[in-house]
Engineer: 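The structure that follows is given in the form of structure tokens.
Just follow the structure's listing: the first ligand is 1, and inside any ligand the first atom is 1. Residue numbers run from 1 in the order of the sequence given.
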Amino acid sequence: MKQGNKTNWTVADSAELYGIKHWGADSFTLSDDGRVTIQAEFPQGPVAVSLSEIVAGAKARGHDCPLLLRIENLLAARVRLLNDSFATAIKHTGYKNRYKGVFPVKVNQQAEVIHEICRFGKEYNHGLEAGSKAELLLALANLNKDSLLICNGYKDREFIDLGLLSRKLGIDCIFVIESPSELPIIIERSRAFNIKPLIGLRIKVSAKVGGLWTETSGDRSSFGLSTAQLVEVVDQLRKEQMLDCLQLLHCHLGSQIPDIEEIGAGVREAARFYTDLSREGVPLRYLDLGGGLAVDYIGNQTKHSHSRNYNLNDYCRTIVETVAEVTDAKQVAHPIIVTESGRATVAHTTLLLFNILDVLQFEPLSLPQQCPDNMPELVAEQFDLYLQSEQPSVATYQQALRNRDTIRNLFRRGDIDLRQRSLSENLFLAIARRTLDWLDSNPTEESKLPQLRHLMADIYYGNFSVFQSLPDTWAIGQVYPVMPIERLDEVPCRDAIISDLTCDCDGRLAGFIIGNGESPTLPLHNLKDGEEYILGVFLIGAYQETLGDLHNLFGDTNVLSVKINQNGSFDVVREVPADSIADVLQITEHSPQQLFEKLRVRAEAAVRRGDIDLTERQQLLGEFSARLQGSTYFNRDAGGEK
Ligand SMILES: *Cc1c(COP(=O)(O)O)cnc(C)c1O
């Protein structure tokens with residue numbers, strides 16, 4: 001990376017380096033004074049508010065980092081964009097029906113998000129999709145009038161009873177049959193209540209999609225009906241004289257589908273099922289194409305699994321045109337198109353902010369001018385290489401690396417002592433650092449030393465837990481945009497990886513988006529004394545919050561929901577304080593009162609034995625009690641800074 005040497009660093013250089021001009025699109029930009037800003041759209045034009053301002057506002061309200069920030073305006077913009085883009089595609093294609101979106105609740109079940117989606121989606125009749133009883137309950141209560149409630153997933157009698165009864169309120173609750181065994185319960189319960197169900201069928205399309213979720217569709221998918229089962233279920237409904245209940249055909253190809261051609265192929269196949277069922281006399285009205293609309297985390301518009309080779313307009317146009325073409329060819333009326341876009345609806349609205357607590361650098365300590373006397377031959381040779389590395393080369397570095405490893409072997413065998421090994425390691429670090437600096441001005445050589453940059457990268461310790469806040473980075477290697485929220489007019493002269501607070505070597509971020517590609521390290525600035533260095537992780541609104549867990553008992557962070565106003569001010573519309581230590585202990589079935597009592601008994605015994613006095617007892621129990629109410633994360637104000 002060359003930025004280490006660049007003079008006259010500008011904000012534009014940061015926008016390019018961190019890729020925010022690509023993945024940020026119209027949601028995030030940089031201000032002239034080097035800060036990340038949120039862009040909120042208003043009829044009169046966009047309004048930008050810096051994250052620094054919001055962090056200061058949060059702090060003044062008693063919420064420190066780590067902080068999960070939800071920006072209401074960005075969610076509103078996504079719901080609007082999705083619906084408007086389909087409307088535009090429908091108009092341009094001359095499509096003779098409409099679009100009705102639903103939000104799949106599993107992608108983000110947080111009350112604030114569901115409320116906002118229903119509020120912003122009201123004018124579009126944007127509905128909800130539920131995949132479990134718990135999701136059904138929250139969907140039933142929140143759903144807008146004239147919106148769809150699509151029920152996927154396994155449905156027992158309790159699920160079906162509630163869904164059926166909701167029909168009496170005029171709710172379009174559609175049971176999507178995932179397996180033939182669900183049909184008899186639906187038939188039986190609808191007869192018992194004398195309520196006609198709305199039924200959908202989930203099919204398995206054979207068209208394959210790429211990305212991380214290829215197993216969602218295809219013959220071996222755990223969801224949906226095979227073609228043979230589909231025909232059987234249709235025949236059964238006909239026999240029961242319930243064919244009129246069958247109104248929706250559903251498929252879900254997978255999440256984050258990077259290639260538009262594969263989406264087109266899947267839609268074509270689903271539409272073919274639709275036309276042939278329609279021609280058989282099934283009164284289908286809806287074609288539900290599930291989720292899969294990808295987020296361009298990298299921002300490079302490619303078929304990479306963290307990107308996508310299309311934009312929202314391409315997506316809508318491909319779907320509308322394909323459905324029109326296939327249904328026209330078979331003289332079938334155009335269906336209402338439904339999609340279940342989750343990721344693309346909520347990813348932008350949430351970001352994580354955390355402060356850096358400490359940095360570990362791999363720099364050599366001071367070295368002597370000359371090699372000390374009586375050093376073993378190999379250490380002396382290492383010293384020579386160090387002198388030679390004033391003019392670095394690939395060969396010098398490679399020899400030094402071999403020497404280092406040999407010296408480590410000799411140490412293990414007892415042939416080299418601690419001081420000799422220490423000198424040798426220090427020499428190696430010095431050679432490696434010089435070589436790395438040299439690579440900055442000789443980038444063509446970098447491919448010959450693929451590990452070096454990573455080997456020498458600093459470790460920045462962040463005040464957060466990967467497992468709580470960014471579980472997909474750990475579970476599936478998801479890469480999110482990460483960058484400092486300030487100082488973007490300064491050259492970032494360190495290469496780093498980021499480690500979290502957990503005592504787990506998996507608790508780190510070691511994949512970043514740089515320029516318009518991926519990188520194992522992230523350029524960052526040196527910390528300044530007395531100044532917080534805050535990093536933002538962006539586009540994390542999908543799937544992370546409820547997947548997150550309590551590893552090491554780091555709990556939920558503070559959550560702030562913010563609404564940006566047209567005059568550039570912002571309102572904090574909701575604040576949820578972080579889990580306290582008592583909260584996370586309770587979740588793991590430790591009773592805070594009992595823990596306190598156990599410690600009290602021990603302290604009392606110690607007083608009796610004369611090991612501590614009463615003041616010390618009070619101090620200990622007071623601390624314990626205060627910590628129960630305190631945060632699970634690192635508290636800067638309580639010291640511990642290095
Ligand atoms: C998970 C899921 C979705 C959401 O997919 P995204 O790619 O996040 O839009 C939609 N429909 C079904 C059936 C799902 O299981």
Engineer: Counting each atom of ligand 1 from 1 as listed, which ones have a heavy atom of Ser255 under 4.0 Å away?
Structural biologist: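 The atoms of ligand 1 under 4.0 Å from a heavy atom of Ser255 are 6 (P), 7 (O), 8 (O).
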Engineer: If the threshold is 4.0 Å, N to carboxylate O, is there a salt bridge linking Arg78 and Asp26?
Structural biologist: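 Here Arg78 pairs with Asp26 in a salt bridge, since their nearest N and O are under 4.0 Å apart.
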Engineer: Looking at atom 12 (C) of ligand 1, what's its closest protein heavy atom, distance included?
Structural biologist: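 The answer is Glu340 OE1, 3.3 Å.
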Engineer: Please check if any side-chain donor atom of His304 sits under 3.5 Å from a side-chain acceptor atom of Glu518, or the reverse.
Structural biologist: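 Present: a donor and an acceptor within the cut-off.
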Engineer: Is there any N or O on Gly292 that sits under 3.5 Å from an N or O of ligand 1?
Structural biologist: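 Yes, at least one N or O pair falls under 3.5 Å.
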Engineer: Does a side chain donor of either Glu269 or Ser206 reach within less than 3.5 Å of an acceptor in the other side chain?
Structural biologist: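 There is such a pair (donor and acceptor under 3.5 Å, judged by atom type) between the side chains of Glu269 and Ser206.
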Engineer: By number and element, which atoms of ligand 1 are closer than 4.0 Å to a non-hydrogen atom of Ser341?
Structural biologist: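 In order of numbering, the contacting atoms are 9 (O).
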Engineer: Using a 4.0 Å heavy-atom cut-off, say whether His252 meets ligand 1 through its side chain, its backbone, both or neither.
Structural biologist: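 Under 4.0 Å from ligand 1, His252 contributes side-chain atoms alone.
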Engineer: Do Ser255 and Arg343 have side-chain atoms, one donor and one acceptor, less than 3.5 Å apart?
Structural biologist: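 Present: a donor and an acceptor within the cut-off.
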Engineer: Is any N or O atom of Arg202, backbone or side chain, closer than 3.5 Å to an N or O atom of ligand 1?
Structural biologist: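 Arg202 vs ligand 1: no N/O contact under 3.5 Å.
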Engineer: Which of the numbered atoms in ligand 1 are below 4.0 angstrom from a heavy atom of Arg343?
Structural biologist: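 Atoms satisfying the 4.0 Å criterion: 6 (P), 8 (O), 9 (O).
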Engineer: How are the rings of Phe86 and Tyr99 set to each other: parallel, tilted or perpendicular (split at 30° and 60°)?
Structural biologist: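 Rings of Phe86 and Tyr99: parallel, under 30°.
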Engineer: Provide the number and element of each atom of ligand 1 under 4.0 Å from a heavy atom of Asn152.
Structural biologist: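 So the answer, numbered in order with elements, is 13 (C).
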Engineer: Short list, please: which atoms of ligand 1 are under 4.0 Å from a heavy atom of Tyr543?
Structural biologist: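 Selected atoms, number and element: 1 (C), 4 (C), 5 (O), 6 (P), 8 (O).
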Engineer: Can you check whether Gly342 has an N/O within less than 3.5 Å of an N/O in ligand 1?
Structural biologist: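 Yes, since at least one N or O of Gly342 sits under 3.5 Å from an N or O of ligand 1.
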Engineer: Can you tell me the protein heavy atom closest to atom 14 (C) of ligand 1 and the distance?
Structural biologist: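 The answer is Lys106 NZ, 2.8 Å.
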Engineer: Do we see a donor-acceptor contact under 3.5 Å between the side chains of Ser307 and Asp296?
Structural biologist: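 There is such a pair (donor and acceptor under 3.5 Å, judged by atom type) between the side chains of Ser307 and Asp296.
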Engineer: Have Asn300 and His22 got a donor and an acceptor in their side chains that come within less than 3.5 Å?
Structural biologist: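 Checked: Asn300/His22 side chains show no N/O donor-acceptor pair below 3.5 Å.
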Engineer: Parallel, tilted or perpendicular: which describes the rings of Tyr480 and Tyr297, with under 30° parallel and over 60° perpendicular?
Structural biologist: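 Correct class here is perpendicular.
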Engineer: At the 4.0 Å heavy-atom cut-off, does Pro104 count as touching ligand 1?
Structural biologist: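 Yes, Pro104 has heavy atoms under 4.0 Å from ligand 1.
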